[in-house]
Amino acid sequence: MIDTTKYSILSKVNTPKDIKTLNQNEIKILCDDVRAYLIDIVSQVGGHFGAGLGAVELTVALHKVFDTPNDLIVFDTGHQAYPHKILTGRKEQLHTIRQLNGLSGFLKRSESEYDAFGAGHATTSISAALGMAEANKILLLKKKVVAVIGDGAMTGGMAYEAMNNAGINKSNLIVVLNDNRMSIAPNVWQIHNYFNEMIAHPEYKKLKDAVWDLTGKLDQFGDRIRKAALRLERGIKSVLTPGMLFEALGFRYFGPINGHNVAQLIKLFEYIKDLNGPMLVHILTEKGKGYTPAEEHSQKYHAATPFDKLTGKAIKVSSSIPSYTSIFGKALVEIAKENEKIVGITAAMPDGTGMDYLQNEFPNRYYDVGIAEEHAVTFAAGLATQGVIPVVAIYSTFLQRAYDQIIHDVALQNLHVVFVLDRAGLVGADGPTHHGVFDLSYLRVIPNMVIMSPKDEAELRNMLFTAVNYKKGPIAIRYPRGNAVGVELENGFNEIEIGSSEKIFDGNDLAILAVGNMVQYGKKVYEKLIEENISAELINMRFIKPLDENRLLEIANKHKTIVTLEENSLIGGFGSAIVEFFSDKKLKNDILRIGLPDQFVDHGTQAELHNILEIDPQGIINKIKNFINQK
Ligand SMILES: Cc1ncc(C[n+]2csc(CCOP(=O)(O)OP(=O)(O)O)c2C)c(N)n1
Ligand SMILES: CC(=O)[C@@H](O)[C@H](O)COP(=O)(O)O
Ligand SMILES: [Mg+2]
């Protein structure tokens, strides 16, 4: 908890109405206070960092000029909204952010009337804001609507779908493009290259200088001509800069302007807020602005664990057990060394997915397509038609974006695409927008799809090797966020027979069928039940599709009670597959499905959430005992 009274102006600001009365100098101090407070809090509790630092002046200017919450500000993605939370009545709670029962790490309508639209996934803001702008027309409302979107989120196709629609409708909508040239990693936005080439182009420079010299010679007309020339230069720039792209989509383009000059931002927003039609304000900012380590290493400080404010060094020592992500990244390089047909694809998440290992080793076999998951999948399908083996690494939650592409472009054509779903299961602090809890359900219904989940990092390596060599169609591997188990890794790889399972422990009283990381909980449950003289046969099913049917028939004959364990929604997940199998075979066993309920799960640590949802060992045991004792 930080005492906010030490911030001279922020201590007097609780909601945007308190900003309206501040003068220009107090506004500047408020920006410094918000930045300092953000650094204080995130250094203590961790969270998203660089983006918020880069959005301080923008956020202050927006709440200064617009009448929020009546006027609507729609932040894209939401990780940059900590300054927004500080200025909209939540500064005292900021230290609870992303913690159980604390503030959400993103925008959440149920958390605040100032959060016009929920966020978490990128590139939704313009579409949502356009909906609000059109609602204004239909309901004869007078609300101003502003979308705030980063250059990374602008690599998502939905942004152009929305802008096209806004242009056609001539909607009253302001889009602020917060351009810091960064996504999480350096951004892959071709517009940046165009912009750089144009401004750097000698012809552009000659033209600009010629105009400037000309006005110098006509100095008897003094500044009037120079000002006209400046307008001309701006006109040329807006033709030659990204402005042309947005102007073509029907947006009036303003910029690029300095996104850290709060006075200039206020002046511009005051000038445009009552104009009609779609407008785009292009601001240039620095991710991590105001905190040197975050300015110098903005990819590293995109999100931070608690750190020493003076040195920037992380306080928590990381575990010696490797993450599943790093195991995947290293294994992919090992396998790619022996198979030149393999390429890796990420949707703007190279280090989050571990694809950065391939990027470093084989840069010309690595693709960062931007925040464009839909494109990533169909791009992979195109590669696969030519015999290339694409490994598409996309978080479980973000792969939801590309559902039709998986069905229509990959599975229907039975193309060999390897899907690697990191962050499968409950991810923890990022909460319901990021939990990867539906992939077993959404993939299992797709014909031709093979789905497997490793019990530990050694099995992950072999599953990746198996998937790359499968060749008969689409195949997916899913594993959780965080550290693996800490088992010994073998040298090389062993292919796993598709649809095969593995007996971990024998037992006579009941059978536990587990997939993925839940096998580890199954082991703990086995050990605790043995202490109570209950012997549970534990099977690592490995494949959610196809199922090991021979194993299931053997289990059905041997045990009356069967328990399934998965970290996925129970609806349509692994347990559902087992129930379907037993029903189709007219088998009369008692089946207890343990997994995630039909609800959105809030944020907290993974352990806290497992405990609350009773999918941790003790919760599983309680459920098994209750089930066995049921009449
Ligand atoms: C659909 C989707 N894919 C990936 C992500 C992961 N992600 C979160 S923030 C981010 C980069 C956003 O870059 P930008 O919009 O430029 O914002 P900045 O962090 O630079 O302020 C990415 C890729 C996401 N939130 N949503
Ligand atoms: C805002 C966003 O979507 C990403 O920053 C995400 O929070 C990353 O998740 P991990 O921390 O699990 O990589
Ligand atoms: Mg950016």
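Start at 1 and go down the list; that is how both ligands and their atoms are numbered. When a residue number appears, it is its place in the shown sequence, counting from 1. Bear in mind the structure is a predicted one, so any value in this text is a computation, not a measurement.
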Inset, instruction - Determine whether any heavy atom of K287 lies closer than 4.0 Å to an atom of ligand 1. - result: yes
Legend entry - Distance-only N or O hit between ligand 1 and A122, under 3.5 Å: yes
Legend entry - H79, any N or O under 3.5 Å of ligand 1 N or O: yes
Inset, instruction - Pull out every atom of ligand 1 sitting under 4.0 Å from any heavy atom of A348, numbered as shown with elements. - result: 23 (C)
Inset, instruction - Compute the minimum heavy-atom distance from N187 to ligand 1 and say whether it is under 4.0 Å. - result: no
Inset, instruction - Output the list of atoms in ligand 1 that are nearer than 4.0 Å to some heavy atom of E373, sorted by atom number. - result: 1 (C), 2 (C), 3 (N), 4 (C)
Inset, instruction - Please state whether H121 comes within less than 4.0 angstrom of ligand 2, counting heavy atoms only. - result: no
Legend entry - Sub-4.0 Å heavy-atom contact, G50 with ligand 1: no
Inset, instruction - Report the residue from H79, H84, H48 that forms a ring pair (Phe, Tyr, Trp, His ring centres under 6.0 Å) with F106. - result: H48
Inset, instruction - Could you tell me whether G152 and ligand 1 have an N or O pair separated by under 3.5 Å? - result: yes
Inset, instruction - With heavy atoms of G150 as the reference, note each atom of ligand 1 found under 4.0 Å away. - result: 14 (P), 15 (O), 16 (O)
Legend entry - ligand 2 N/O within reach of T77 N/O, cut-off under 3.5 Å: no
Inset, instruction - Consider ligand 2: state whether an atom of it lies below 4.0 angstrom from any non-hydrogen atom of V427. - result: no
Legend entry - Distance-only N or O hit between ligand 1 and M182, under 3.5 Å: yes
Inset, instruction - Give a yes/no verdict on whether any heavy atom in S183 is under 4.0 Å from an atom of ligand 1. - result: yes
Inset, instruction - State whether the shortest distance between N or O atoms of H121 and N or O atoms of ligand 1 falls below 3.5 angstrom. - result: no
Legend entry - From R98, H434, H79 - option closest to atom 3 (O) of ligand 2 by heavy atom: H434
Legend entry - Distance-only N or O hit between ligand 1 and Q80, under 3.5 Å: no
Inset, instruction - Please identify which atoms of ligand 1 are closer than 4.0 Å to at least one heavy atom of A153. - result: 14 (P), 15 (O)
Legend entry - I371 contact mode with ligand 1 (heavy-atom cut-off under 4.0 Å): side chain
Legend entry - Contact (N/O only, under 3.5 Å) between G120 and ligand 1: yes
Inset, instruction - Please test R481 against D422 for salt bridge (charged side-chain N to carboxylate O under 4.0 Å, His left out), starting from the C-alpha separation and ending with a verdict. - result: CA-CA 6 Å; R481 183 181 199 275; D422 198 335; over 6 Å; no
Inset, instruction - May I ask you to check whether R481 has an N/O atom sitting below 3.5 Å from an N/O atom of ligand 2? - result: yes
Legend entry - Under 4.0 Å to a heavy atom of N180 - the qualifying atoms of ligand 1, by number: 18 (P), 20 (O), 21 (O)
Inset, instruction - Using a strict cut-off of 4.0 Å, indicate which atoms of ligand 1 neighbour a heavy atom of R401. - result: 1 (C)
Inset, instruction - Kindly confirm or rule out an N or O of R423 lying under 3.5 angstrom from an N or O of ligand 2. - result: yes
Legend entry - N, O or S from D151 under 2.8 Å to the Mg ion (ligand 3): yes
Legend entry - Contact (N/O only, under 3.5 Å) between M349 and ligand 1: no
Inset, instruction - Tell me which protein heavy atom sits closest to atom 8 (C) of ligand 1, plus the residue, atom name and distance to 0.1 Å. - result: T77 CG2, 3.8 Å
Inset, instruction - Indicate, as side chain, backbone, both or neither, the part of D151 found under 4.0 angstrom from ligand 1 when only non-hydrogen atoms are considered. - result: both
Inset, instruction - May I ask whether H302 places a heavy atom under 4.0 Å from ligand 1? - result: yes
